[in-house]
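Each chain gets a letter, A, B and so on, in the order the sequences are listed, and its residues count up from 1. Quantities reported herein were computed from a predicted structural model and do not represent experimental measurements.
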Amino acid sequence: MILAAFIVTALAALGLIAVSRTHRQMNSICIGEAAVFLGLEIWLLLSGQIPVLSLVLGNQYFFIDHLGLYEALIASIIFLLAAIYARGYVDNLLESRELGRGSLKLFYVAWAFLLALIVFAFFSDNLALFWIFTELTTVVSAILIAILYARDNIDAAIKYIFIASVSMLFSFVGLIFLFQISRSTFDPGTLNWTVLMQQAPAFPAGMMLAAFALLFIGFAAKSGIFPFHTWLPEAHVRAPSAVSALLSGVLLNVGIYGIIRIFALVHRTTAVSTVSILLLVFGLLTVGIAAISMLPQKKLKKLIAFSSIENMGLILVGLAIATPVAIFWTLFHVMAHSFTKAGLFFSAGILHRQYHSPLSADAVDDMHDVFRFQPVAAWGIILGGLAIIGMPLFPVFLSKLFILTQLFTVSLPALVLLLVLLFIAAASFGYYVISTFTQVSQPGPDAHDIVAYKTPAGMQWPIIILIVMIFILGTVFTSGETGFLNTIVAELMF
Amino acid sequence: MIQETLFVIALLVFVAGILIPLATASRDQRIFRIVSHGCTVIGSAALGILALLVLLTGDGLSWTLYQPLPGCSLSVTIDRLAAFFLLLIAAVSACVALYTAEYVEHLEGGSRRNLLCACTNLFILAMALVVVSANTFAFLIFWELMAGCSFLLVMYDYAGPETRKAGIFYFVMTQLSTLFVLLGIVLLYGQTGSFAFTRTGVSLIATLAFIALLIGFSIKAGIIPFHKWLPYAHPASPTPISALMSGVMLKIAVYGLLRFLLDVFSPDLWWGILILILGIVSAVLGIIYALKEYDIKAMLAYSSIENTGIIFTGIGLYVIFASSGQPVIATISLLGALFHALNHAMFKSLLFLTAGSVVHATHTRDIEHMGGLVHRMPCTSALFFVGALAIAALPPLNGFASEILIFISFFSSVAVADPLFKVFLFLCLGLFALTSALSAACFVKAFGSIFLALPRSPESSRAQEVPFLMLLGPALLASACIVLGLFAAQLFLLVGLSVPIPDMFLVGLLLLAMAFLTFAVLYFTASREVRVTGTWGCGTPSLKPAMEYSGHGFSEPIEIIFSTVYRTEMKNERKFFDAKNCIFAEGTADIRLMKIFEEYLYLPVARFSYLAATKISRFQNGCLDTYLLYVFCAVIAIIVYLGWLA
Amino acid sequence: MIDPALIQSVIRVLFAVVIITAAYIISTRNLSTLVSAYAFQSLTLVFMALALWSLEDAPILLAIAIITFISKVLIIPYFITTIQERIRIKRDIEFHFLSPTTSLLLSMGLILFIYIALSNILKDTAARESLFFFGAVIGLSLMLMGMMVTFSRKRAITKVLGYLSMENGVLLFGMFVTELPFIIEFLIVIDLIILVMLTTILSVGLDSTLEEYHDRLHRFHLVEDTEEGS
Amino acid sequence: MSLSFIIYLVINTLVVLAIAPLFVSIIKKVKAWTQGRQGPSLFQTYFNLAKLVKKETIYSAHSSWIMRITPLVSIAAILVAALFVPLVFVPEPVGGIGNIILLLYLLALAKFFMALAGLDAGSSFGGMGSSREMSISAIIEPTTIIVFAALAFVFKTLNVFTMFSASVASGTTSTPTLILLAISLFIILIVETSRIPVDNPETHLELTMIHEGMILEQSGPNLALMELSSAVKLTLLMALLINLIVPFGLSTTLTLGALVLAIVLFALKGTILAGIIGLFESSMAKMRFFRLPSLFAMAFFFSTLIIIIEVFA
């Protein structure tokens, strides 16, 4: 059983971390766990036996379909790179006493556990199980946020937990509604997505709408959709950058994944037209608030965090269009965004180490001479920034373009509005980067000497790998890749 | 077949030119940069030959480079329009590369210069690929690539004090341009369902797409009121980049507009009027602003705005005549616009390069601190002089050859349109004439202040002539200016177009003959005594640089005459000893030129958005209770929506 | 077998009790009373589960009753009380956005509002007439009332109680949809306990100084050794 | 290029060179008469030129090759421009010779060089002259081009030769439009040749001089060339006016008799026009420089009005 392999790996990782003593060991175990996960997923991918159904017992709780595998692959890759990155990063945190040496074990346990939880969330067929895993990811990632030795971190973690959990409770009510719907349509009721998809056309629209709206609240909070996004900038800013990359690159996907799943259900019913409008409105509001909030930002990580919100909004808009092409590119955008954003956070982390920017979300970064001190990180920010605002040769460009072309079939004003908002976001990003990176101090005796942080290669390679990866993603399309995405679209029955 | 081979060679050479300096980015050695520039020259040469082949034979090239996804491919089609612009790119790029090979060695930045070379190559390649794109998808990709590269190039001297402002302006305007181009292309895709350049019918969507594309291309072409990035970006960027951006990139925007107008839309009359008005306004205001600039590169930038305005004027006339059933005049206008695009590329890059040499020699961009360089930099001054003659549209150089085409179409317009429209065209003609006269005044000022009379600063009295390569590139461009001017009529015949352009070669011969005859007559009759002495200065013993007529002084009359356009602002601050403001204590008075577009259009928009954004970002106030309240309100709203609206 | 009608009326009474406890949670300022009110609310839910069990004879309801009793009536209130004692906070008198009176009036409005909204949503379905409908109304109302606690109270620990009250609403609602697989319920409870523990610990961090916080973490054996703050 | 055209080149250049100083003298004479003076001899301008040619050339030490080639370029450009306006004989146009726009820009070429030469020596008078000259020529340009466009419109051609042929063919009966255009052309002539009220060609007062300021540093044969070129410019503009309005006598065939007659008639008509210019100048005062734009605006308005009338007629 493939799932057993995952479980065993995760348990082994947790156990090994529990007995290991040094930072190096724990970090290596996390790298190993992610690598094994990745290997298993690639094996699954190549073996071609997906979808794997009926993984546990009679009642089907787990399954692996293309979408789940896709998301799990993204998650594992980012976890792998983040773990490599974390070694140097956490070393420095320890040196600067921002992280207590005693918290180290907790940090890595949470880390290893988070990966397992996320992957299992993606492999859950039962939506309630998915809900539980999602809820647990909140808990575990909150630990990762709160781990630093600062009150601001606890504050951010509390915000994250409260907003996400409170909203997730509404999601659960939505699940109950969904269950009630399924029970009233066929006996016995179930929350298994695969079964629900079969039965969905018979579901009553009104109830389905209510179920969707309630479910949406929770998953929207997990994925940082307006007005539930408020936790996101603060958590991303304060978390250690390796964790920020996970939050933005992986954890947001969990919420989006949930929305995709239930939207696929709704799409089979007549409630879809109303839901599409709902999604479109929320998507545009999200992009809008994020783009406009980016403009006056003076803090790099906060800016990147808002950019994540903006991209989540864009994904929502893509979903709302609900044509197969739009869904295809929305899925592509999920991946593009994850990798790009991880690269950006890695780079921001190096700059954070260099300049020791204050943790508080409102404090202003004081950066100068970035090219002299941290050329790799600076180029990471520049190229990543160009990628995230949608320059060609990078994948976001394509997904943006096609989502926009598809949006035109839905609504012209929405298209224009979205374009303007994307422009504002891009301009804000450019404005920040230009005005920060051109700060150069005159070398002289009176210049307060800032010592160049010797970035370990382990922190630079993930950035380079990610940039090369997104470059390849944006330029090379194999038939396997498009076929895979098309299969997902077909499985979602769009 | 030969076309394909040439294209592939050019492509590979350019890629090599990009990769070689990138791969050696850590090593600050001249050889890699030389190789890179060599690649540019070779690649440009290949492109140029290809373009000439296509132009002369008419045998195009159509080829799919790469198809990432079904339905959208990076395809190449070289027809005569594309070939024309390809020729333009190739010619300017090759000359600029020759110049840069030397210039880059005098730049600061160590191994960053390798990146400059790589990025320049990528920039040129991207421009060439924009031009040969066979569909809007490829067009958009290369367009963006071009924008991205040029942005990085503008930011080369990132630590410079003006570069930040320039970079922000350029970045924002580029993004805005992208927004509109993207919108236009998306609308067209929605209309036709494909990315191909296919003709659309007349519809609201097509009109909207046209407006969007027009704005997008106008921003890139620096049409007023979207021009503001030009005078910031050009001074900030390294000289060869200014030359490429001004000489070539602006033309790419023109190409975009033409490509869509010719192949996609069925233009309406008012489209033409719109383009014409944009063009004329840019031309007049551009040159008026150029006259008051004392930063040599900003002046050239404004002059670029003027020239793009002229090109747009030609395009506008083309659309007007084409849509009112006058194909012959329409063709003349179009050829005028195209030819002016080519000519402007030549003389503007020539001027930028020579201006760069001057800046290199004098270490200042302020023309008030130059002067007297004609003795110290004779070759550069001669080259700049050719450029100045050409840009002032003086016969028999190329600037005149293209402007006369637009004049001719203006002149022939009167016979065709309806009365009111005729009056409108006449007014435009008047403004157009004003433009070319003012540009002559502008370049008299420029050449006079920079090269003539006495040096006005110690740096410029110590200036030295630049090395050979920095003269070779401009020299090629200068000879192109002369050839394109003298043989304009013959060149048009060569490519099989008949235009009513005067035989400039004949005129040139006549000029030469007259000058020679006069010289001969004087040689035999006149006194040959020559005495060199001081300038007469009303009895003052010696002439000081401060006594010369300055650039400011030169343009003063024009500034006063057009004071309504310049909008000076006077500030008086007075202080008094007593409360009733009777006894004057001290005060300051200050007159300054207002940057109208910046102060009334750009900055208010920026300030407003910033203010609004600050207000909206207070949404994120850091308080958990507020956040939970948002969630609460959202939940209530959703329930309301579900219960009553759904 | 007890008369179903009687049980239904008992359930209705219990609904009222739940709402009253919720109102009490909204308005009280004393923290220990708050915990007691919560425990009492959970106890009501236990009774409700038992009543439903006797009505529908689903063993899962009995299980729910047992789990709820153990976790929500015993463990969580005990845990929170312990924490409270340690951080020596007795009262939470600061209110944000809403005063207790307004909250009460508002929650009445909310119940009415949800009733109308849900009857609109469920208009044409069979669920409209069943206990499911009542469960939905009361459950959602309870959630929203709990939510009012979360955003109108300053202390993080009070917010936790608000959150727990919300969770009770979900549970209440969930009890009326009996076929939910047991394992789900079980996992949810575990999840909840972890969440509450974490939140509470973190709240301690917010409500006390950092040094004390790390000191306490040490005592909870969550971290191995403590270092001086930078 | 036909033989007759080559003959035209020679004849036109010789005639214009021969007759131009005369017209300058006539204007001076008329102005002197109106002021109650006797004035210089009619051949004084020829004498002046001859004297200047014999003098030595003085260059400023600061000046460059611009100063040295300007006289040559100036005279060459204006002589070529003169070829565009047939004085006495209209051949078939060849290769765009006679293009009215090119004519205008050849004049601009000369002006460009002159303005640069004004700046070359670093003298503040020269700079002032250049600055004013370029400003004036810029703001008169719209008027000039509108008038030329109107001409092109009236005669349905861009070529001066064809215009003259048409004018000859239609006889002396000038249309009202032509007369109105003639007024505009007259204004342009006044402005382009630096006459009162725009400029005073007689003085070297620093506050008034424009054209004279630019050529202040020229001397000897160079000054002679500059003077000659401005005389030729005056003549060619006069010829444009004359041959459009009163074309009779203008020869279209190359015969000796017709040619002689045409020369005599042209000298006569030119003398009359020069007299009119002289009288016009005498009746005016030099305008303040910054009031000139309003004068030009008037001219522009006037020309545009004519065109509108013509267009709507």
Side-chain angles (χ1 to χ4, degrees), chain A residues 155 158-159 162-163 166-167 170 206 209-210 213-214 216-217 221 227-228 230-231 233-234 274 278 289 292-297 361-362 371 382 386 389-393 397-398 401 404-405 408-409 412 415-416 419-420 422-424 426-428 430-431 434-435 437-438 440 475-477 482, chain B residues 66-70 72 112 137 140-145 147-148 151-152 155 158-160 163-164 167-168 171-172 174-176 178-180 182-183 185-187 189-190 205 208 609-610 612-614 616-617 619-620 622 624 626-628 630-635 638-639 641-643 645-646:
Chain A
D155 183 53
I158 287 264
K159 279 175 189 160
F162 265 104
I163 292 167
V166 160
S167 314
F170 289 98
L209 188 58
L214 288 167
F216 175 74
I217 294 173
F228 315 107
T230 40
W231 64 271
E234 316 209 353
T274 326
L278 194 76
I289 205 87
I292 294 172
S293 302
M294 278 168 83
L295 197 52
Q297 285 313 326
D362 301 317
F371 290 100
I382 290 174
L386 288 177
I389 65 173
M391 279 285 164
L393 303 190
F397 168 77
L398 291 170
L401 173 67
L404 287 171
T405 51
F408 174 67
T409 59
L412 180 58
L415 168 66
V416 175
L419 261 177
V420 171
L422 289 177
F423 159 69
I424 294 176
S428 319
Y431 178 76
I434 295 168
S435 45
F437 282 21
T438 52
V440 175
T475 46
V476 181
F477 288 84
T482 48
Chain B
Y66 176 53
Q67 176 143 12
L69 293 160
C72 35
R112 198 146 46 90
F137 177 75
L140 192 59
I141 286 197
F142 296 129
W143 175 268
E144 281 282 80
L145 197 61
F151 168 69
L152 291 180
M155 296 303 292
Y158 68 94
T163 314
R164 188 177 313 149
I168 290 169
F171 184 82
V172 171
T174 295
Q175 281 298 314
L176 202 60
T178 303
L179 184 161
F180 283 106
L182 188 65
L183 178 63
I185 287 176
V186 165
L187 289 178
Y189 180 83
I205 297 297
L208 284 179
S609 358
Y610 196 82
T614 320
I616 288 177
S617 63
F619 193 82
Q620 189 85 27
L624 175 59
T626 328
Y627 298 168
L628 284 169
Y630 299 149
V631 177
F632 187 74
C633 294
V635 170
I638 286 177
I639 293 174
Y641 175 76
L642 289 176
L645 302 176

task = State, to 0.1 Å, how close A:G390 and B:E144 come at their nearest heavy-atom pair, and which atoms those are.
result = O-OE2, 3.6 Å
Proximal component of B:F137, with respect to chain A [non-hydrogen, under 4.5 Å] = side chain
query = Given that the side chain runs from C-beta out, which part of B:I185 has a heavy atom under 4.5 Å from chain A: side chain, backbone, both or neither?
reply = neither
request  = Answer yes or no: does atom CZ of A:F477 have more than 12 heavy-atom neighbours from other residues, nucleotides or ligands under 6.0 Å?
outcome  = yes
ask   = Taking the side chain as C-beta and beyond, is there a heavy-atom pair between B:L140 and A:F397 under 4.5 Å?
value = yes
key: Proximal component of A:I217, with respect to chain B [non-hydrogen, under 4.5 Å]   = side chain
request  = Return the option, out of B:V635, B:T614, B:L145, B:V172, with the maximum number of heavy-atom pairs under 4.5 Å with chain A.
outcome  = B:V635
query = CG of B:L179 to CG of A:L422: how many Å apart, nearest 0.5 Å?
reply = 8.0 Å
request  = Name the member of B:W143, B:F171, B:Y189 that forms the most heavy-atom pairs with chain A at distances under 4.5 Å.
outcome  = B:F171
ask   = A:L415 versus chain B, heavy atoms under 4.5 Å apart: side chain, backbone, both or neither?
value = side chain
key: Pairs of heavy atoms under 4.5 Å with chain B: top-ranked of A:A221, A:S167, A:S435, A:A213   = A:S435
inquiry  = Ignoring hydrogens, what is the shortest heavy-atom contact between A:F437 and B:Y158? Give both atom names and the distance.
reply    = O-CD1, 3.5 Å
key: Exercise: identify the closest heavy-atom pair between A:I434 and B:R164   = CG2-O, 3.7 Å
task = Determine the option with the most heavy-atom pairs under 4.5 angstrom with chain A, choosing from B:I639, B:L176, B:L187.
result = B:L176
request  = Could you tell me which portion of A:I424 (side chain, backbone, both or neither) has an atom closer than 4.5 angstrom to a non-hydrogen atom of chain B?
outcome  = neither
inquiry  = Quick check for you: among A:T230, A:L412, A:V420, A:L393, which has the greatest number of heavy-atom pairs under 4.5 Å with chain B?
reply    = A:T230
Nearest heavy atoms of A:L404 and B:V186, plus distance in Å = O-CG1, 3.7 Å
remark   = So, the part of B:F151 with a heavy atom under 4.5 Å from chain A: the answer is side chain
request  = Apply side-chain contact (heavy atoms from CB on, under 4.5 Å) to the pair A:F170 and B:I638, showing each step before the final yes or no.
outcome  = CA-CA 11 Å; A:F170 289 98; B:I638 286 177; over 6 Å; no
Atom group of A:S428 that falls short of 4.5 Å from chain B, counting heavy atoms = neither
note = Under 4.5 Å to a heavy atom of chain A? For B:T178 that would be neither
request  = Would you name the heavy atoms of A:L295 and B:S609 that are closest together and state the gap between them?
outcome  = CD2-O, 3.7 Å
task = Please test B:T163 against A:T438 for side-chain contact (heavy atoms from CB on, under 4.5 Å), starting from the C-alpha separation and ending with a verdict.
result = CA-CA 8 Å; B:T163 314; A:T438 52; 5.6 Å; no
key: Heavy-atom pair with the smallest gap, counting every atom of B:Y641 and A:L278   = CE2-CD1, 3.6 Å
Choice from A:T409, A:L386, A:T475 maximising heavy atom contacts with chain B below 4.5 Å = A:T475
request  = Give the member of A:L214, A:L401, A:I292 that has the highest number of heavy-atom pairs under 4.5 Å with chain B.
outcome  = A:I292
